[in-house]
Structures are given as C-alpha cells and as structure tokens.
Amino acid sequence: MVKNRVTFRYYPGTYTDIFGEAQLVLEGSWNADGGYSDQWQAQLMTRLPGDDGGACYQAELDLRGNAGDRFHWGVRAHFPDGRQVWAIPTELHDGQSTERYRSLTLGDAPQTECYYLTHCRRLGANKFRRPDGELGVRFAVWAPYARQVELAFGTLWDSKDSKRRPTRNPLPMNDIAGGYIADDGSGMDPEIGLITLVREPDGVWVTPLDHPALAVSAPVLNHRPYMYRVTLEDGSIAWRTDLYSRCQVGSGAQHPDGTYLGLVQDLAGPVSCSVTVDPELVTRYFAEESPYLVTTPPSQRIWPERHFIPADTFWSDEFGARPLPERIEDLIIYELHLGALGFGKPGPGTLEDAIALLDHLVELNVNAIELLPLAEFGGQTDGWGYQTSHYFAIEYSGGGRDQFKFFVRECHRRGLAVIVDVVFNHYAANAERAEFAYDSRDPRHNLYYWYEGNPGDYATADGGYVDNLSSGWAPRYHEEYVRKMFISSAVALLTEFHVDGLRVDQTTSIHGYNVLHADGRPVPAANQFGAKLLRELGNTLRLVRPGVFLMAEDHSDWDQVTLPVERGGMGFDARWYADFYHHLAGDTEQGDKAKLLYRAATDGSDSPLQMDWFAGALSASGDRKVVYSESHDEAGNSKGPFLDPEANEEDKRFTSERTIVVAVNGAPLVDETRRYAEARCRFAWGITALSAGVPMFLFGEEVGFRQRFKYNAVIANKEDIHGMRRSSGQNLYRFYQDINGLRLGRSGLRSRQLQLVHVHNDNRLLAFLRWDDDQRFLVVASLADHPYDDGYNLSHPAIGDSEWQEVFNSDSSHYGGDNIGNLGGMLAARGGDIRVVVPHAGFVVLQARH
C-alpha cells in the first residue's frame, strides 16, 4: 500500500483566455481518503501562470492504493452563466469507445499528470516561463521515432550582397535571398549553429531551458527562419519544417534541389524554412512599404515587418454598427477564393483584393464569407488551397497571417461573419519536408499517415496506406497527436484570428470512405478513429466558443454528424447538401438527378422536368443543410457535358460549368439567349435563397461569371467582378441584392419550416409555403418556357383562407424581366384555392396579410 502526492495540471494552451471567470474543477475516481472509488470526487483547481506562458489550472491530492493501481480523472468547467462543460474532449484510445477521461497509474513517488486542451503553446516556437521565472523561447516538436533532433536557424541576406552575410534588417521582399536550408545543411545560420533538443517521455523534443540564443530578449520570435535536423529511426539525416510553424518562407513555387541562392519570395512554402512569429503581436500596418518607392507592389513590401502592436490593441475596435449574425439559419454565405480576385493583375488575388470586395458584399446583402482554404498550401498560383502542408501558417501568397487578421477585422466591422475551409482528410501531395516520413522511413512508423500491416504484405510498400476518395492518403487518426494537430489549428483560427466558423472538407472521407490502397478493402478502424477526430473537434470548439458556426462537407446520412456534442454527436450545425445542386442545376455526371437547369436548356421546349425529384431535396433542405446553386466543385471540377479541349488529364476532360452557361447549354450569351440565361439563373438562386436551408453561392454568380472555376486554371479564368457589376451583370446583381435582402428582412423566410403545396412535372412548376410564428409566405416557381399570365390554379388546405400580397417578382423589369406577375396586388385564397400569375423561368413570393 502506498500514499502518493499527485499534481494535476490542465493547460488550455491558447493565446487568448478561453475560460475567463470560469472555475475549473478536477473530478476523479477516488474517495475522500484518496482511495479508488467508482463514485467520483470533485476538487476546485487553482489558476496559475503556466510554464507554457499561458494559464495553467492545478490541483494536488494524495492518492492511496497499491503501486500500479489505475485511477481515472478529468476536468469540468463551470462558467458564470451556469453552463457546466466537461473539458476533456479527447476520447479513449479505442475505436469502439466515445468515453472521455484520462487515466493514471499510481506510483510510489510524487507524480504529475498533465492534460493539454490544445498544443498551440506546447509545440512549435513559443514563449515559455523558465524555472527562474523569466521568459524564454522554446522550440518543441513531436518526433517519437527520431534518434535525435536539432534546431538550426536559416540565413537571410541582401540579394545584392555577394558575400551573403546574414542580415536581420528588414528589406523589400525582392531584395531578400535565402530562407532555405538544403539537405547538406547549407543555408544554416553559422552564428548559432545547431542546438540539440532534449527528448521527453512522450516523444516531444524540446530545446534546452537556458540556451542563451533562446532568451526572450533576443529577437528569436521576430520572423527568424528555422528548421529541424532530424536523425531518423534508421540513422539517416533529414531536414524537416515545423508543422506548428505560424509562417513559411516564400510565396512562390521553387522546390530547390541543393543549395538555394535565390529570392525568398520565390520559394515554395512547404519545403522552405519555418518562421518564428509572436502570436501576441500584430503588425501595425496592413503592409510595411519600402521607403524607396512611391508606389509599393507586394514584392517591394518590407519583410520582416518592423512595427507591431499588441493583439489586444489590434482587436479593440473590431466591431461596427452592423451586428454579426449569431444563428446559422440567419446566414447567407458567399463562397470566395482569394486567388481568383485581382482582375487585370498578374498572379493570384490577395487579401488586399478581398478587402476591396467587402463593400460590394455588404451591398449584396450577404452576411457571411466562406473562404477556400488559407492554410499553407505551397503558393501554387492556380491552386484552390486544398493541399495543406502547414495547418497553422496562413498561405503567404495571399498576404499571410497578419493581413488575414486585418481582413477579419474589416469583415467584422461590416457585420460579415468569416468562415474558413479546413482540410483534415489528407495532406499536401508534396509533403517531403512536412508530414511525410517525419522521423522514420518505415511505412509502419510514418507518423502522420495511416498504415495497415507490414510492407512485406503487399506487392509494393505503399499498399498499406489508406485511400479515402480525396487527393492523398488518409491521416493517422489513431494518433492523439495527429488529431490534436488538426484540432489545435482550428482553435487557433478561432482564438488568434477571430474566425467565426469552419467548413470541414470531405468529412465522409474521414469517417466513411477509408479503404486499403492495395486492394480497396474497407478499413473500419480508420473510419472509427476518423469519427473520433470529428467528435473531439466538435467538443473542443464548442468548449472554446459555443456559438461557432460548424459545417461539414458530408455526403452521408449519418445523424451523428449534426447531432449536438451534448448528445454524443460531432456537433456540426449543418452539412453541405450536394443533391440539392444536382437536382437544381446538375450539369455533372450524376445520372439519377433532376438537373432542372441543364435539362430545361437541353431537353426541348417545355418538355416535362422532374420537379418532384427536386421538390424532395427542397423539402429536406430544412434538416440542417447548406444548400447552393453553385459551389467551387460544381463550377469546373466535376465531370459534365462540356468538352474541355485544354484538359490533359483523362478524368478531367469533361468539366462542369458556371450557372449562366448551364442555363442555356453553352449558347452565346447575347440578346434573347442571355435573357433566358439570366431568368433561369434568377430561378436557381431564388429557390435556393428561399429554401429552408442555409443558402450559399459562389463568387461571381451575382454578376454572371461564365468562366469555369477550374482547380488548375484559376488565374487564366479570372473575371472582372467590379466591371461586370457596372455593365453586363448589373441586372443580376440587383436581383441577388434584393432577394438576399428579402430573406434577411423576413424571419419567416429564415426558418426551417417548409411545406410543398403543389408539384407538377409537365407544367414545370412547384409551390411551397414558408413560415414562422409571425409570418407566412407562398412561393410559386416555374421553369416553363412560357408564362402563366392568365394565372395558375393552386389548391391545398395549407394555403387556407387568407389575403396574399405579392412581395417579390423575379421577372421585374428592374432585373431585365418582362414584369409578368401580380403587380404587387392582393390575391384572395378561399378554401385553400388561389390563382397566381407566374412568369416563365421565374417565381413570385406572396405574403399572407392577416
């Protein structure tokens, strides 16, 4: 029998105070005397300055029993508003279990048990509190199979200095060379040399606590390039970036093979040096400009920046008069890719271009922007961003981390919520200096990748990796550290960047599609642990910010995806509903879908359409769905009917199109053809905006973008959104502006209530009711090629005995239509019967007057 003093420590690990005035309470499987008990006891924890530089919650008690006895414990957060939340999101290492607690084995000497909610402060380059109480800088990396890990700083020099002497002075970007350490070590800063890290029991390597080069007084956190020299499991040497780095050098596409003497800006981020950043500071200015130039292009901006302010000061004037939306039902989402902006300029668009678009969006009456992924993806000029290599670094080709904070602040000042796509189902294809073989070349120990069995089990060693219908092998979801990396990066977006929501890419690949690369056999364990990642993500984010918007690109019907975390689910507010698009527009290869727009343009004049199929999707839209008439995938990355003569890849030869092209089967957009195209576009977005789902549309739809948004031709297909708003797209823009305003201004159109009252395939018409406690609306929509200008008879008991007033007509001359409708007049319904004038390829909205 032993009695042992145990210290419990709980580290939030964030750079903002997520618990505030909350009290954290330790709970565990012991009784009042410290012996094991199934009746858990509770003890208040004390908040202390943590050695990670942030907060730490601590409690101590004496446990009694035999050495080797197992106890279980956890922490509960008690918030001032009365909420009590279990603060251990991490589940047991058992694919069958969803239980969330920590375990300890009783020893015969004092012991300390720690839990890290996130690794934001623990891994990477961070300030920490040294034993003497002073602040220092600690570098930490998880590499459990490594024999040794060493830290090296990279060299930067003025490109005009033929001797390549290291410089710490800020210079214009196109004057700075270096930022790359080659496999032979060239490029390393010789002033400091290698710093050997010390291994901790869990495989985390940390720099020595008292190394003079890592004192906080030294400018170590001010944009110093660095890498790790890792002695792998087999004894070979490899240079690795820091997967927790907050910035990667470069915004170009250079992947050097050997010594690199070129410009920093030309390097590809995933293979170049990581860069130290102080998360508690933000640049004072959006861009530091070179004093030598009157007009400063991006390449001439000063880097590293010189002027910083505390993050709290930066965010102190974050909000404006227009409030941010608080419920997911209230969102109208604008899906945006930065790289497609900046019309008329070479290269990809930037955050500066995005800020210039914000007033356009406010006038458009959207209230949320969903950005395609911003995490480091290599600066490919034509990429969409779905090949993430470093989850904490904001892609520098778009402007980088500090400019992203400026963007978020400008959005919030205008009442625009910011949602960011994140990719947790695969890594970048070129991850040699990132995730791939980080500390071992043995596939079984490939730290970040799921691997089944032994290499000898397969004809080729890669047979043991796992495919999941995404563009890379599945991550190693059974590793807690891998799951924690994804989750910590998501927390950083919320806390450091003030992002309002996340859209998680292809969650079905995470929890449902995992199969063996060798032969396609299912890998159930990968699905189980993938689901574990998503539950842990939901529980962590709801703990950090209960009102965060969470959306999943999920193509399953699994109810756990949108089940609240309090009930054991993943906690997503909504899932993307691809079938809504396929039934509504549908120019892709999905053969069993209604494809209303496509077939209206291809099946002949007024031939029947499967309005009933689409009606089913419309009815389901209120079941926690994000619905869209267009998304990035469907705008040029799906197989479809239009031949792309420039495509070289066999599987991409047929690609989908933008809505205005689908609406007339690719016919030239002139005269009457354009009128038809725009009318059908108004039908598509109108029905989406008036559905019971959360409506979303892709950038440029509001002005009639017609170029495919291809994953590998973003720049070649840029279009002038501002110019088109003033010219060919002005009618569509007014329509989008008004229908969005109608939804935002009418609570009954933002509810989840929808009832179909009429569907007719031959007449190409459907009608449905929308309502809440205060308002009722009747929407009558037609894709017929002729108007029902003498009126269309509807009969349904739910219409009731009411007076209905037309409050919106998509065929208004204000939008380029023919003004065929009910002229804003009152229509009487008796016994559920009503006669409504309906335009061709359009709709009217009637509101009940009590």
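Values below: every heavy atom of this structure, side chains too, minus hydrogens, waters and symmetry copies. Here the structure is a predicted model, which means the values were calculated and not measured.
- Between the side chains of E496 and T16, not a single donor N or O lies within less than 3.5 Å of an accepting N or O.
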Practice prompt. Please assess T7 against E60 for the test side chain to side chain donor-acceptor pair (under 3.5 Å), listing each intermediate value before the final yes or no.
Written response: CA-CA 5 Å; T7 301; E60 295 181 327; 3.1 Å; yes
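- Taking the six-membered ring for Trp, H93 and F529 have ring centres closer than 6.0 Å.
- Geometric assessment of R83 against the ring of F79 yields a positive cation-pi assignment under the 6.0 Å and 45° thresholds.
- Residues D554 and T507 have side chains that bring a donor and an acceptor to within less than 3.5 angstrom of each other.
- Within 6.0 Å of CG in D81 there are more than 12 heavy atoms belonging to other residues, nucleotides or ligands.
- Here the shortest heavy-atom pairing between V499 and V418 reads CG1-O, 3.4 Å.
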Item to complete: Go through R64 and D33 one step at a time and tell me if the salt bridge (Lys or Arg N to Asp or Glu O under 4.0 Å) criterion holds.
Response: CA-CA 8 Å; R64 305 170 185 270; D33 295 326; 5.9 Å; no
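- Aromatic rings from F404 and F497 are positioned such that their centres are separated by under 6.0 Å.
- Within a 6.0 Å sphere centred on CD of E432, heavy atoms belonging to other residues, nucleotides or ligands number 12 at most.
- Taking CZ of F392 as the start and CD of Q248 as the end, the distance is 12.5 Å to the nearest 0.5 Å.
- For R575 (side chain) and S556 (main-chain N/O), a donor-acceptor pair under 3.5 Å exists by modelled atom type.
- The aromatic rings of H119 and Y244 sit tilted relative to each other, their planes meeting at an angle between 30° and 60°.
- Judged purely by distance below 3.5 Å, without hydrogens or angles, the side chains of R47 and Y57 pair a donor atom with an acceptor atom.
- Of the possible polar contacts, one joining the S37 side chain to the Q39 backbone as a donor-acceptor pair under 3.5 Å is found.
- In this model, a donor atom of one side chain and an acceptor atom of the other lie less than 3.5 Å apart for D467 and H517.
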Discussion item. Apply side chain to side chain contact (heavy atoms under 4.5 Å, CB included) to residues V2 and L106 and explain how you reach the verdict.
Written reply: CA-CA 9 Å; V2 299; L106 188 65; 3.7 Å; yes
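- Checked by atom type and distance alone, the side chain of D17 pairs as donor or acceptor with a backbone atom of G20 at under 3.5 Å.
- Counting only N and O atoms by type, the side chains of R441 and S236 include a donor and acceptor under 3.5 Å apart.
- H72 places no side-chain N or O within 3.5 Å of a backbone atom of L104 that could act as its donor or acceptor partner.
- Looking at Y36 and N31, their side chains never bring a donor and an acceptor atom within 3.5 Å of each other.
- H478 is linked by a ring pair (Phe, Tyr, Trp, His ring centres under 6.0 Å) to W450, counting only residues two or more places apart in sequence or in another chain.
- Checking T508 against Q506 by side-chain atom types alone, a donor-acceptor pair falls below 3.5 Å.
- Defined by atom type and a distance below 3.5 Å, a donor-acceptor pair is present between the side-chain atoms of Q560 and R535.
- The existence of a salt bridge linking R9 and E113 is excluded, since no basic side-chain nitrogen approaches an acidic carboxylate oxygen closer than 4.0 Å.
- Ring-centre distance between W73 and Y10: not below the 6.0 Å cut-off.
- For the pairing with M551, the side-chain contact (heavy atoms from CB on, under 4.5 Å) check across V504, D421, L502, I328 returns one residue only, I328.
- Every residue two or more places apart in sequence or in another chain that forms a side-chain contact (heavy atoms from CB on, under 4.5 Å) with Q43 is listed here: A59, L61.
- Between the side chain of N514 and the backbone N or O of P524 there is no donor-acceptor pair closer than 3.5 Å.
- Judged by distance alone, the side chain of S509 and the main-chain N or O of N468 form a donor-acceptor pair under 3.5 Å.
- A donor atom on one side chain and an acceptor atom on the other are not found under 3.5 Å apart for T231 and Q148.
- Salt-bridge annotation for E233 and R147: absent, with no side-chain N of the basic residue lying under 4.0 Å from a carboxylate O of the acidic one.
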Can you list, pair by pair, the side-chain donor-acceptor contacts under 3.5 Å of residues 561-573, counting residues two or more places apart and other chains?
unit_1	atom_1	unit_2	atom_2	d
D573	OD1	R542	NH2	3.2
D573	OD2	R542	NH2	3.0
D573	OD2	L550	N	2.7

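- By the salt bridge (Lys or Arg N to Asp or Glu O under 4.0 Å) test, R327 is found to be paired with D330, residues two or more places apart in sequence or in another chain being considered.
- Atom CH2 in W576 sits 4.0 Å away from atom CZ in R503 (nearest 0.5 Å).
- Looking at L243, D439, D242 one by one, the single match for side-chain contact (heavy atoms from CB on, under 4.5 Å) with Y228 turns out to be D242.
- Counting heavy atoms from C-beta on, the side chains of M227 and R433 come closer than 4.5 Å.
- Between F139 and Y226, the distance from one ring center to the other falls under 6.0 angstrom.
- Of the possible polar contacts, one joining the K532 side chain to the D94 backbone as a donor-acceptor pair under 3.5 Å is found.
- Atom CD of residue Q387 and atom CZ of residue F377 lie 10.5 Å apart, to the nearest 0.5 angstrom.
- Counted by atom type alone, Y438 and N446 present zero donor-acceptor pairs between their side chains at under 3.5 Å.
- More than 12 heavy atoms of other residues, nucleotides or ligands sit less than 6.0 Å from atom CD of E200.
- With D457 contributing its side chain and N454 its backbone, the two residues share a donor-acceptor pair below 3.5 Å.
- For E99, the side-chain contact (heavy atoms from CB on, under 4.5 Å) test picks out L92, S97, Y101, with sequence neighbours left out.
- Under the 3.5 Å distance criterion, the side-chain polar atoms of R246 are left unmatched by any main-chain donor or acceptor of P279.
- A donor-acceptor pair is defined here as one N or O able to donate and one able to accept, closer than 3.5 Å; no such pair exists between the side chain of D62 and the backbone of K3.
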Item to complete: Kindly determine whether R138 and T207 satisfy side chain to side chain donor-acceptor pair (under 3.5 Å), including the steps that lead there.
Response: CA-CA 6 Å; R138 177 174 60 191; T207 46; over 6 Å; no
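- For D108, the CG atom counts as loosely surrounded, since its 6.0 Å shell holds 12 or fewer non-hydrogen atoms of other residues, nucleotides or ligands.
- Side-chain N/O atoms of D52 and Y116 include no donor and acceptor closer than 3.5 Å.
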Item to complete: Test N126 against Y15 for side chain to side chain donor-acceptor pair (under 3.5 Å), laying out the working first.
Response: CA-CA 10 Å; N126 293 282; Y15 273 88; 2.6 Å; yes
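- The side-chain tip of R121 does not point at the ring of Y11 from less than 6.0 angstrom away and within 45° of straight on.
- When the side-chain contact (heavy atoms from CB on, under 4.5 Å) test is applied to T90, the partners found at least two apart in sequence or on another chain are R102, Y115, E480, R483, K484, E536.
- No side-chain donor from either of Q84 and R76 sits under 3.5 Å from a side-chain acceptor of the other.
- Between W473 and Y449, the ring-plane angle classifies as perpendicular under the 30° and 60° cut-offs.
- Between R122 and D202, at least one side-chain N (NZ, or NE/NH1/NH2) sits under 4.0 Å from a carboxylate O, which counts as a salt bridge.
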